[in-house]
Amino acid sequence: MNVFDIVGPVMIGPSSSHTAGAARIGKTAAMLLGAPVAKADILFHGSFAKTYRGHGTDKAIVGGILKMDPWDSGIRTSMETAEKQGISINFRTGTLENAHPNTALVTLISPKGKTITVQGSSIGGGNIVITRVNDMEVYFTGQKTTLIVMHQDVPGIIAHVTNLVAAGNANICNFRLNRQEKGGLAIMTLEMDSDFDDALVSQIKSIPFVYNTILLKLN
């Protein structure tokens, strides 16, 4: 246990689970979209569904979608900011199978129609777990520097990406690959216990058959 676990994150209150974690889920979804947001559909499950208005979960997750950090005072007026930017926000509640009580399913749509759906859970102390991107199961926490590569499942992509990571002197502590089907969309997730040069991200993006690359440094 470290000091963060004891005192919790720096954040706009009142709850690390319902506000800090929610903001991180929203920000992760926005980063994965990789484009401006025109519409957001947010489904709250479990405890989120019961208390999201009282605990400010709605404001926090919208603040995250606007790329705000959990300690950003702008979270308090995130709904107004989203409206001024012309972003349509829809909240609803429902039940997600085998999901953590503090879970949100966030669907974002860009002005050009690009869409992404992200399922994330707030597991306490401002920490999150992302468990689904579109129709694929994934698993990453954002507690470590995380490189996410969305690509077509073709031979050679993994080697190309990991060679570039090695060239950047980054140490991979966790690697996952999820795919819809052979030859279809795949998501490569690399968690690193060392820093990673942001400049290498553009090199990875330029690899043939790579659709998008995101470097998450949420903490």
Side-chain angles (χ1 to χ4, degrees), residues 20-35 61 64-65 67 69-70 96-100 102-108 114-219:
R24 287 195 166 105
I25 292 169
K27 185 176 181 180
T28 301
M31 293 178 72
L32 288 170
L33 179 67
I61 204 161
I65 290 169
K67 303 287 186 69
D69 291 307
L96 299 170
E97 187 176 356
N98 299 321
H100 185 280
N102 297 331
T103 296
L105 185 69
V106 181
T107 299
L108 302 180
K114 184 180 180 181
T115 302
I116 196 162
T117 298
V118 177
Q119 182 171 316
S121 302
S122 179
I123 58 174
N127 298 311
I128 66 169
V129 173
I130 302 300
T131 55
R132 185 171 293 275
V133 174
N134 292 339
D135 294 327
M136 282 183 289
E137 292 184 3
V138 299
Y139 188 95
F140 62 89
T141 65
Q143 293 179 359
K144 297 181 182 294
T145 297
T146 305
L147 182 70
I148 302 166
V149 183
M150 304 177 72
H151 61 95
Q152 186 176 344
D153 179 44
V154 296
I157 296 290
I158 295 174
H160 203 156
V161 170
T162 53
N163 283 339
L164 284 173
V165 171
N169 295 316
N171 189 52
I172 300 171
C173 61
N174 188 24
F175 175 92
R176 292 175 184 269
L177 179 71
N178 300 84
R179 66 181 188 178
Q180 291 177 326
E181 60 185 0
K182 184 178 179 180
L185 175 65
I187 297 179
M188 195 186 315
T189 306
L190 300 88
E191 292 184 317
M192 294 168 276
D193 53 14
S194 60
D195 203 4
F196 187 71
D197 186 353
D198 293 29
L200 290 173
V201 175
S202 60
Q203 294 184 40
I204 295 172
K205 284 183 178 180
S206 68
I207 297 173
F209 303 106
V210 169
Y211 304 131
N212 196 14
T213 304
I214 303 101
L215 186 65
L216 294 178
K217 297 180 179 179
L218 295 183
N219 292 331

* Asked: With a 4.5 Å limit on heavy-atom distance, are the side chains of Lys144 and Met192 in contact?
  -> no
* Asked: Does any non-hydrogen side-chain atom of Ile148 lie less than 4.5 Å from one of Thr146?
  -> yes
* Asked: Going by the side chain to side chain donor-acceptor pair (under 3.5 Å) test, which pairs reach into residues 164-176, not counting sequence neighbours?
  -> Asn171-Asp193, Asn174-Glu191
* **Within 6.0 angstrom of Glu137 CD, more than 12 heavy atoms from elsewhere** => no
* Asked: In chain order, what residues pass the side-chain contact (heavy atoms from CB on, under 4.5 Å) check against Lys114, with sequence neighbours excluded?
  -> Leu33, Ala35, Ser110, Asn212
* To do: With sequence neighbours left out, write down each residue that passes side-chain contact (heavy atoms from CB on, under 4.5 Å) with Asp198, or none if nothing qualifies.
  => Leu215, Lys217
* **Whether over 12 other heavy atoms sit under 6.0 Å from Tyr139 OH** => no
* Which pairs count as salt bridge (Lys or Arg N to Asp or Glu O under 4.0 Å) when at least one residue sits in residues 148-172, sequence neighbours excluded? -> Asp153-Arg179
* So, do Gln152 and Leu185 sit near enough that their side-chain heavy atoms are less than 4.5 Å apart? -> no
* Asked: Judged by atom type as modelled, is there a donor-acceptor pair below 3.5 Å linking the side chain of Ser202 to the main-chain atoms of Leu200?
  -> no
* Asked: Are any of the side-chain heavy atoms of Tyr211 and Lys205 separated by less than 4.5 Å?
  -> no
Side-chain atoms of residues 128-136: list all donor-acceptor pairs with protein atoms under 3.5 Å, sequence neighbours left out, distances to 0.1 Å.
unit_1	atom_1	unit_2	atom_2	d
Arg132	NH1	Asp135	O	3.1
Asn134	OD1	Thr117	N	3.0

* Taking all non-hydrogen atoms of both residues into account, name the closest pair between Val210 and His151 and its distance. => CA-CB, 3.9 Å
Residues 155-165 side chain polar contacts: donor-acceptor under 3.5 Å, at least two apart:
unit_1	atom_1	unit_2	atom_2	d
Thr162	OG1	Ile158	O	2.8
Thr162	OG1	Ala159	O	3.2
Asn163	ND2	Ala159	O	3.1

* **Which residues share a side-chain contact (heavy atoms from CB on, under 4.5 Å) with Ser121, sequence neighbours left out** => His100, Thr103, Ile123
